[in-house]
Number of protein chains: 2
Amino acid sequence: MDLSSIEIFLAVASDRSVTKAAKAVGRVPSNVTTRIQQLEEDLGACLFSRDGKKMTLTREGETFLAYANRLMALALEARQAVRPLAPSGTLRVGTMESTAASRLPAPLTQFNQMWPDVSLHLTMGASRDLARDVLADVLDCALIARPPKTMREEDLDFDAELKALEMETVFVEDLLIVLPSGHPAIKSAADLRVGSLAALEPGCTYRRIAENWARTSSSLPTTEHGSYHAILASVATGNTAGVMPRSVLDLMHWPTAVQTHQLGPVETLLVYRKDDCPSAFSAFHEVLGATKGRDVRLAAN
Amino acid sequence: MDLSSIEIFLAVASDRSVTKAAKAVGRVPSNVTTRIQQLEEDLGACLFSRDGKKMTLTREGETFLAYANRLMALALEARQAVRPLAPSGTLRVGTMESTAASRLPAPLTQFNQMWPDVSLHLTMGASRDLARDVLADVLDCALIARPPKTMREEDLDFDAELKALEMETVFVEDLLIVLPSGHPAIKSAADLRVGSLAALEPGCTYRRIAENWARTSSSLPTTEHGSYHAILASVATGNTAGVMPRSVLDLMHWPTAVQTHQLGPVETLLVYRKDDCPSAFSAFHEVLGATKGRDVRLAAN
DNA sequence: GCTTTAATTCTGGAAAAGAGATTTTCATTG
DNA sequence: CAATGAAAATCTCTTTTCCAGAATTAAAGC
């Protein structure tokens with residue numbers, strides 16, 4: 001029983017899907033299947049019941065889930081406990097609006113409990129600006145969206161900035177176009193029946209991905225909003241299509257099932273300067289790494 | 001950080017020696033060294049201070065030790081919790097006198113706490129008899145000494161019986177000849193200056209190993225004793241040499257440092273019938289496996 | 001009934017682990 | 001103080017395990 005198997009198990013348990021879990025932990029589905037089977041054999045118990053293509057936890061799986069969370073939490077605590085110098089001071093973290101909303105609450109809470117001496121400064125912004133701020137030492141690290149390859153080739157400046165930084169994938173977002181209710185299903189941007197795209201500020205990578213996609217067939221104006229809540233409200237009025245990752249949409253229990261279109265997966269990167277590694281940053285890095293594949297519901301230690 | 005690294009760490013921490021730990025966990029010393037170094041790099045902290053050839057835990061090592069014990073205990077608990085059917089009924093365990101004295105107290109206590117519904121019957125005896133009893137279904141399993149290859153070739157009956165059973169190494173004992181105080185150091189049986197060997201019953205594998213060793217040069221009579229305490233008392237009288245594993249000798253805080261001679265390592269096997277696997281046995285098997293490399297002091301969970 | 005999507009199985013290549021030999025280091029001893 | 005012995009570390013080679021991608025199978029949706 002090794003801890004990486006448990007991380008994989010947690011991802012499958014929380015997503016109830018091998019494919020999604022594989023993305024979450026950055027592996028290939030066949031590998032996830034194998035590791036789960038190994039774990040089951042090792043424990044001598046069936047953890048999931050495979051009725052059709054759904055993976056649902058069995059009774060034993062549920063009890064193991066509790067232990068799995070405790071084990072991960074304990075392992076993380078052990079790591080932090082042996083840290084030679086306890087982190088303190090200030091840590092300046094930049095993040096996209098979406099990541100702050102959907103991914104950070106759990107790890108930030110945990111980090112804050114573990115290291116109350118660190119004062120954590122959170123800055124929200126667009127990926128480009130955040131990357132620049134990290135380079136300029138205005139931020140210690142940032143969570144930004146990795147632009148797809150075609151976009152990187154168009155924006156060599158940004159690409160060069162990224163290359164100057166250390167980076168690491170921590171989440172994978174499923175970027176969506178959110179359509180007004182009643183809008184017919186779409187296969188491409190040409191099928192859009194709205195007057196505009198609703199997105200955040202111009203530097204936002206998600207916005208630029210959506211604009212690139214829309215540009216291929218039609219030429220829609222983009223209306224700028226201050227928050228994802230504002231975007232969704234706009235979409236509800238019926239004449240605009242919103243841009244946001246699925247994880248954010250999932251947070252806002254929307255009354256009816258919304259029509260969405262997938263723009264594909266977009267990686268969220270943790271970027272930081274190559275040279276400097278303040279103690280508070282490595283602690284943050286570690287907490288983020290330990291939390292990434294896991295359920296938002298944290299285990300009672 | 002995987003649990004096998006932690007098992008290795010616990011062994012090194014408890015033995016304060018790479019070589020001994022390697023024997024305890026059934027690996028080669030170079031491997032233990034590497035795994036400890038990996039663990040240290042992974043944690044970003046020094047766990048041991050290598051002053052000379054002693055491995056002493058550092059401050060960080062001490063704090064990690066506590067977590068390591070908790071992690072192992074939690075992992076074991078998780079295993080047991082997902083066991084589909086809670087074990088109950090009776091489990092008949094055979095064991096050598098020496099194993100019962102030095103190795104079993106910790107796992108038996110743990111097993112008893114975990115599965116109070118299982119009534120555990122412990123039978124003491126010589127390896128040969130125990131193996132036979134397992135075959136005859138008088139016992140569910142037994143802890144016996146594996147005779148060295150030369151002895152197995154002389155005793156084909158016993159060898160055949162062993163082959164009919166499932167077996168697994170759980171401990172490695174350092175078999176000793178214990179000499180009276182004042183006896184000169186010996187290099188072989190020819191240097192013995194005593195009138196007899198003190199051992200347990202004739203079927204005892206340790207006794208037979210010692211007799212084989214003594215036979216090569218001299219021909220000493222063996223006097224039979226009922227317990228290791230009796231053997232040690234006999235040795236103290238001055239005219240006999242005792243046979244016992246180091247782990248047993250270590251238990252009996254003897255007034256003065258005794259003169260000993262090593263007869264070499266002898267594996268302790270857990271043997272059981274190939275076919276039948278009562279639930280209580282697999283639980284016992286698991287507890288034994290989890291405890292084998294560890295310190296006797298159990299962790300508070 | 002065909003298409004789509006998800007899980008599993010299979011297979012080849014890459015990475016990691018383990019064993020044994022060698023070297024280094026330190027304590028012990030003559 | 002040099003020689004010896006024992007224990008840890010290093011190195012190299014073999015074996016095992018792990019992982020990605022392709023092929024396969026099975027179920028759900030249209």
Side-chain angles (χ1 to χ4, degrees), chain A residues 1-9 11-42 46-58 61 169 172 174 184-187 246 257 259-262 264-265 293, chain B residues 1-9 11-42 46-58 61 169 172 174 184-185 187 246 257 260-262 264-265 293:
Chain A
M1 177 169 20
D2 102 68
L3 291 190
S4 69
S5 302
I6 291 181
E7 191 188 333
I8 293 172
F9 165 79
V12 177
S14 105
D15 290 338
R16 278 179 293 286
S17 149
V18 170
T19 315
K20 294 208 190 97
K23 272 188 195 152
V25 298
R27 289 158 188 267
V28 95
S30 66
N31 188 20
V32 171
T33 297
T34 312
R35 298 294 293 260
I36 294 292
Q37 287 172 346
Q38 283 173 357
L39 189 61
E40 288 182 322
E41 187 181 2
D42 177 37
C46 234
L47 263 19
F48 293 95
S49 72
R50 284 91 163 162
D51 13 286
K53 28 172 87 175
K54 265 196 216 88
M55 303 281 288
T56 18
L57 283 169
T58 60
T169 303
V172 181
D174 186 17
I186 64 176
K187 285 201 140 42
R246 179 181 299 281
Q259 183 79 255
T260 60
H261 174 75
Q262 294 187 16
Chain B
M1 174 167 27
D2 94 70
L3 292 191
S4 69
S5 303
I6 291 182
E7 191 187 332
I8 293 172
F9 166 78
V12 177
S14 106
D15 290 338
R16 279 180 292 288
S17 149
V18 170
T19 316
K20 294 208 191 98
K23 272 188 197 155
V25 298
R27 288 158 190 269
V28 95
S30 67
N31 186 19
V32 171
T33 298
T34 313
R35 297 292 294 260
I36 294 291
Q37 288 173 344
Q38 284 174 356
L39 190 61
E40 288 183 322
E41 187 181 1
D42 177 38
C46 236
L47 264 19
F48 293 95
S49 73
R50 284 91 165 162
D51 12 285
K53 32 172 84 173
K54 265 198 218 89
M55 302 280 287
T56 18
L57 283 169
T58 60
T169 303
V172 180
D174 187 15
K187 285 200 141 40
R246 179 180 301 281
T260 60
H261 173 76
Q262 295 187 14

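Just so it is clear, the structure is predicted and the values come from calculations on it, not from any experiment.
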Quiz item: Separation of B:M55 atom CE from C:dC26 atom P, in whole Å?
Solution: 14 Å
Practice problem: Quickly work out the A:K20 NZ to C:dA7 P distance and round it to whole Å. | Solution: 8 Å
Quiz prompt | A:K23 NZ - C:dT5 P separation (whole Å) | solution = 11 Å
Quiz item: Any side-chain N or O of A:Q37 less than 4.0 Å from the OP1 or OP2 oxygen of C:dT9?
Solution: yes
Quiz item: In B/S/- notation, 5' to 3', how is nucleotides 10-20 of chain C contacted by protein heavy atoms closer than 4.0 Å?
Solution: -------SSBB
Quiz prompt | For atom CD of A:E7 and atom C1' of D:dC18, their distance in whole Å | solution = 15 Å
Self-check item: Between CD on residue B:E41 and CG on residue B:L39, distance to nearest 0.5 Å
Solution: 10.5 Å
Quiz item: Can you tell me how far CD of A:Q38 sits from OG1 of A:T34, rounded to the nearest 0.5 angstrom?
Solution: 6.5 Å
Quiz item: Sequence neighbours excluded, which residues qualify as salt bridge (Lys or Arg N to Asp or Glu O under 4.0 Å) partners of A:R27?
Solution: none
Quiz item: Rounded to the nearest 0.5 Å, how far does CD of A:Q37 lie from CG of A:L47?
Solution: 12.0 Å
Practice problem: Using whole Å, report how far CZ of B:F48 lies from P of D:dA7. | Solution: 17 Å
Quiz item: Looking at the side chain of B:S17, which of D:dA9, C:dA7, D:dA8 is the nearest nucleotide?
Solution: D:dA8
Quiz prompt | Length of the CZ-C1' vector between A:R50 and C:dT8, whole Å | solution = 9 Å
Quiz item: Between B:D15 and B:S17, is any side-chain donor less than 3.5 angstrom from a side-chain acceptor?
Solution: no
Quiz prompt | Any residue meeting side chain to side chain contact (heavy atoms under 4.5 Å, CB included) with A:D174, in chain and number order, not counting sequence neighbours | solution = A:L176, A:R246, A:Q262
Self-check item: Nearest-angstrom distance from the residue atom CG of A:D42 to P of D:dC18
Solution: 11 Å
Quiz item: Side-chain donor-acceptor pair under 3.5 Å between B:S49 and B:T56, yes or no?
Solution: yes
Quiz prompt | Between D:dA8 (P) and B:I36 (CD1): distance, integer Å | solution = 11 Å
Quiz item: Counting any heavy atom closer than 4.0 Å, what does A:T33 reach on the DNA or RNA strands: base, sugar-phosphate only, or nothing?
Solution: base
